[in-house]
Number of protein chains: 2
Amino acid sequence: MTEATERPARQPSMADVAKTAGVSAQTVSRALRNSPNVTPETRKRVLAAVEQLGYRFNNAARVLSSGRSHTIGLVLLQSGGYYSRAAVTAGVEAAAGEAGYAVSIATIASLDTGMMERSLSKLADQGVDGIVIAVPLISVTRKMEDITRDIPTVTLDGSRTSSARSLGIDQQEAGRVATRHLLDLGHRQVWHVAGPDEWIEARRRRQGWQQALAEAGIEAPPPLEGDWSPDSGYRQGQILARIPDVTAVFAASDEMAFGVIRALREHGRKVPDDVSIVSVDDIALAAYCCPPLTTVRQDFYQSSSAAVALLLEGDDAGVTEVVVPASLSVRASTAPPRSS
Amino acid sequence: MTEATERPARQPSMADVAKTAGVSAQTVSRALRNSPNVTPETRKRVLAAVEQLGYRFNNAARVLSSGRSHTIGLVLLQSGGYYSRAAVTAGVEAAAGEAGYAVSIATIASLDTGMMERSLSKLADQGVDGIVIAVPLISVTRKMEDITRDIPTVTLDGSRTSSARSLGIDQQEAGRVATRHLLDLGHRQVWHVAGPDEWIEARRRRQGWQQALAEAGIEAPPPLEGDWSPDSGYRQGQILARIPDVTAVFAASDEMAFGVIRALREHGRKVPDDVSIVSVDDIALAAYCCPPLTTVRQDFYQSSSAAVALLLEGDDAGVTEVVVPASLSVRASTAPPRSS
DNA sequence: GTTACGTATGTCATCGATAACATAAGCTCA
DNA sequence: TGAGCTTATGTTATCGATGACATACGTAAC
């Protein structure tokens with residue numbers, strides 16, 4: 001290009017803005033951070049200079065000097081329901097964004113603690129101001145404790161280190177409500193297709209199921225275990241379909257319920273005429289299953305926003321555990337038993 | 001605490017490590033970055049000191065001095081399919097992680113360009129080294145161009161600014177393949193439930209549908225437009241169910257297909273006996289729809305990893321557009337027309 | 001009319017890693 | 001053996017914003 005002399009395309013710095021506006025760099029800093037002690041007139045000049053130069057503040061420098069990155073880390077598990085992961089990501093990002101925080105994510109591939117430690121280290125390296133752990137891991141290692149002691153941490157539906165606060169949907173209640181619904185319809189027994197036992201929410205939902213049965217004086221049948229996928233629900237459904245007196249099933253997730261229903265249908269068991277089924281999550285497709293699923297709604301978006309709020313409000317609050325309630329959406333996959 | 005004197009809990013710095021290891025800070029830096037010119041012996045001493053002090057490098061300082069943040073930004077749209085968003089996030093994060101990059105996300109709530117600009121600015125402020133835009137936005141504004149000129153950018157299934165490279169699944173081909181499948185089965189006409197027209201993939205899939213019909217010498221009926229949700233599919237399905245000669249439908253997403261199928265069934269039209277339906281995505285639940293959906297598989301995970309690879313390999317490659325092919329999964333929602 | 005205080009702004013050192021340059025030691029080859 | 005190169009390490013300046021402190025001015029109070 002034969003243009004006029006141009007500076008070597010360096011991003012303008014605060015000093016450049018200061019020079020243009022005829023003030024000091026510190027004043028620019030103050031003006032941009034809405035410090036009270038700046039004349040409106042000065043602020044206007046600074047903002048004009050910012051606009052003119054296309055100035056963009058350098059986050060790294062800010063972090064280095066102030067020690068705070070205005071970034072929070074989010075740890076997610078790669079497997080498991082797509083739906084909940086997407087909802088959690090969106091919820092965290094929205095709440096963080098509103099508070100002026102960026103979100104850095106770390107996805108871990110499996111539930112082992114080594115991966116978990118590496119992810120936390122990675123986020124710690126980035127200098128995040130806080131961490132939301134959305135991994136339903138039960139065991140917590142010493143190294144994880146080390147990191148969560150240094151950085152404020154909130155676990156979402158997961159295990160609690162002694163230094164992290166936690167928040168979650170009341171999964172046990174979700175399991176109890178689902179099971180109660182079936183019992184209230186007149187079913188004498190409720191079978192359960194559970195999630196993997198390492199998952200805390202799977203365990204809690206199972207406990208809720210057991211609790212509801214116990215309260216009704218019913219001995220729980222052995223639970224069948226899936227891996228959250230529709231496919232695993234299908235496999236367990238093939239087993240359930242072969243047990244004659246099954247009239248009611250509580251599946252630990254909508255996706256597994258889809259699989260269970262297909263297996264039952266293939267074996268000639270109609271839903272809800274022969275077998276009622278209730279599950280948990282209320283994903284968008286739940287209403288479009290055939291039949292539409294009765295399911296316990298989980299507001300991931302809301303609970304994850306709440307997790308961020310909890311994280312940002314600091315330790316002062318003294319709150320260490322928050323529980324978000326779950327509510328039942330009754331649709332067409334449940335009905336009274338035929339012979340009741 | 002009446003413990004012995006402890007330093008005021010400051011994170012150890014490279015200088016501390018250097019002192020402990022008996023070398024200079026620069027050598028520590030080199031050792032940790034696997035610079036070739038470090039004696040194995042020295043490196044060992046440094047690593048031992050790192051271990052002993054629990055040293056963790058300060059990313060902000062690194063960014064400030066090297067100008068590179070080892071972070072890439074990911075821009076996502078909050079609405080639209082949960083499934084694809086989760087898959088894209090996972091794919092980007094995995095590929096980035098493998099290359100030693102962190103991922104910072106910015107979700108935008110709506111398709112307007114103002115939000116888009118703000119998200120890009122936010123990422124630019126954070127000093128990301130590159131940006132993956134997974135937003136199927138068509139219009140591109142000047143401000144967006146400004147940012148994508150400064151920072152390497154790859155768009156995933158989206159619009160191309162002149163400065164961003166792009167990569168995507170061949171959506172037009174996906175639409176063509178889906179439509180051809182129905183025509184090959186003997187259907188004389190194929191109706192279409194499209195995605196929102198501002199979405200590039202919706203538009204391309206529609207074009208593929210039109211192309212396939214044109215190649216067969218068939219005039220395309222007016223497309224019906226949904227918003228990707230199962231609910232919108234249901235509403236359009238109620239219209240289709242009232243048109244007697246509809247025997248084949250191409251839905252632009254699996255989720256909408258679920259809705260269409262339910263509406264058809266409620267109106268007594270059987271799938272696939274009366275109406276065949278094919279869609280796009282191949283989400284996990286597609287095989288558990290009733291009937292199981294014939295659908296065009298989209299490998300979001302792979303294409304998003306590829307996007308990161310494209311981003312990181314730099315401009316040198318000269319590649320500006322990569323297209324990932326799509327493949328058909330034939331299941332039970334399509335069949336030859338009854339009277340053919 | 002001096003003291004005291006508040007407000008607006010400037011100066012300087014600092015955060016921690018790194019690039020650029022400097023140095024010292026070891027090696028090769030004429 | 002010493003010029004010339006390579007390799008390992010040290011020294012110094014630097015990135016850009018900010019906290020702590022300093023200064024200059026105005027205004028209220030005695």
Side-chain angles (χ1 to χ4, degrees), chain A residues 7-47 49-50 53-71 100 124-129, chain B residues 7-47 49-50 53-71 100 102 124-129 150:
Chain A
R7 252 173 301 174
R10 193 180 110 264
Q11 290 282 354
S13 77
M14 229 172 217
D16 300 323
V17 174
K19 207 182 303 169
T20 304
V23 296
S24 75
Q26 186 58 243
T27 300
V28 174
S29 171
R30 278 190 276 252
L32 293 180
R33 280 181 298 155
N34 293 319
S35 163
N37 299 343
V38 175
T39 315
E41 158 64 18
T42 308
R43 190 191 310 278
K44 220 173 80 189
R45 278 224 309 283
V46 169
L47 292 179
V50 164
L53 297 176
Y55 168 75
R56 163 160 302 136
F57 85 93
N58 182 317
N59 195 51
R62 163 178 291 197
V63 174
L64 185 57
S65 65
S66 74
R68 296 190 323 150
S69 63
H70 284 268
T71 297
D125 285 349
Q126 288 174 58
V128 296
D129 290 340
Chain B
R7 253 173 302 177
R10 193 181 110 264
Q11 290 282 353
S13 77
M14 227 173 218
D16 300 323
V17 174
K19 206 182 302 168
T20 305
V23 296
S24 75
Q26 184 59 238
T27 301
V28 173
S29 171
R30 279 191 277 252
L32 293 180
R33 279 180 299 154
N34 293 319
S35 160
N37 299 342
V38 175
T39 316
E41 159 63 18
T42 308
R43 189 190 310 277
K44 219 173 79 189
R45 276 223 311 285
V46 169
L47 293 179
V50 164
L53 297 177
Y55 167 74
R56 164 161 302 138
F57 84 92
N58 182 316
N59 196 53
R62 164 179 290 197
V63 174
L64 185 56
S65 65
S66 73
R68 295 186 322 149
S69 63
H70 284 270
T71 297
D125 284 350
Q126 288 175 58
V128 297
D129 290 340
D150 289 349

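Any value given below was found using the heavy atoms of this structure, including those in side chains, with hydrogens, waters and symmetry copies removed. Since the structure is predicted, the reported quantities are computational estimates derived from the model, not experimental observations. Residue numbers begin at 1 in each chain, while the letters A, B, ... track the order of the sequences.
Taking 3.5 Å as the limit, the base of C:dG10 and the side chain of A:R30 contain a donor-acceptor pair of atoms between them.
Atom CG of residue B:L32 and atom CZ of residue B:R62 lie 8.5 Å apart, to the nearest 0.5 angstrom. Going from atom CG of A:L53 over to atom OG1 of A:T20 covers 4.0 Å, rounded to the nearest 0.5 Å. Note that CG of A:N37 is 11.5 Å distant from OG1 of A:T42, once rounded to the nearest 0.5 Å. Interatomic distance, A:F57 CZ to A:S29 OG, rounded to the nearest 0.5 Å: 10.5 Å. Taking NE2 of A:H70 as the reference point, atom CG of A:N59 lies at 8.5 Å (rounded to 0.5 Å).
If you measure from atom CE of A:M14 to atom P of D:dG19, you get 10 Å, rounded to the nearest angstrom. Straight-line distance from the NZ atom of A:K19 to the C1' atom of C:dT9: 19 Å, rounded to whole Å. The nearest whole Å value for the distance from the NE2 atom in B:H70 to the P atom in C:dG16 is 20 Å. In this structure, CZ of A:R68 is placed 16 Å from P of C:dG16, rounded to the nearest angstrom. In this structure, the CZ atom of A:R56 is 20 Å from the P atom of D:dC15, given to the nearest Å.
Checking the phosphate oxygens (OP1, OP2) of C:dG10, a side-chain nitrogen or oxygen of A:T27 falls inside 4.0 Å. Between A:S24 and the phosphate of C:dT9, there is no side-chain N or O to OP1/OP2 separation shorter than 4.0 Å.
The salt bridge (charged side-chain N to carboxylate O under 4.0 Å, His left out) test applied to B:R45 returns B:E41, not counting sequence neighbours. Under the rule for a side chain to side chain donor-acceptor pair (under 3.5 Å), A:T71 has no partner lying at least two apart in sequence or in another chain. By the side chain to side chain donor-acceptor pair (under 3.5 Å) test, A:S35 is found to be paired with no residue, residues two or more places apart in sequence or in another chain being considered. In terms of the side chain to side chain donor-acceptor pair (under 3.5 Å) criterion, residue partners of B:D129 (sequence neighbours excluded) are, by chain and number, B:S69. Residues forming a side chain to side chain donor-acceptor pair (under 3.5 Å) with A:Q126 (at least two apart in sequence, or on another chain): A:S104. Partners of B:A18 by side-chain contact (heavy atoms from CB on, under 4.5 Å), not counting sequence neighbours, listed by chain and number: B:A25, B:V28.
Each of C:dG10, D:dA17, C:dA17 was ranked by its minimum atom distance to the side chain of A:Y55; first place goes to D:dA17. Closest contact between the side chain of A:Q26 and the listed nucleotides C:dT18, D:dG19, C:dA17 involves D:dG19.
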Atom pairs under 3.5 Å, N or O on each side, protein against nucleotides 24-27 of chain C: can you list them with distances?
none

Can you pull every protein N or O that's under 3.5 Å from an N or O on nucleotides 23-26 of chain D?
none

Detail all sub-3.5 Å separations between protein N/O atoms and N/O atoms belonging to nucleotides 5-8 of chain C.
{"residue": "C:dA8", "atom": "OP2", "partner": "A:N37", "partner atom": "OD1", "Å": "3.2"}
{"residue": "C:dA8", "atom": "O3'", "partner": "A:T39", "partner atom": "OG1", "Å": "3.0"}

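Contacts classified as salt bridge (Lys or Arg N to Asp or Glu O under 4.0 Å) and involving residues 19-39 of chain A (residues at least two apart or in different chains) are not found.
When all heavy atoms are compared, the tightest approach of A:L64 to B:N58 is CD1-ND2, 4.2 Å.
Contacts of A:V23 with the nucleic acid, taken as non-hydrogen atoms under 4.0 Å apart, involve only primed sugar atoms and P, OP1 or OP2. At a threshold of 4.0 angstrom between heavy atoms, the contacts of A:R33 are confined to the sugar-phosphate backbone, with no base atom among them.
Listed by residue number, B:L64, B:S65 are the residues of residues 58-66 of chain B with a heavy-atom contact under 4.0 Å to DNA chain D.
The C1' atoms of five pairs define one axis at each end of the helix from C:dG1-D:dC30 to C:dA30-D:dT1, and these two axes lie 40° apart (to 10°).
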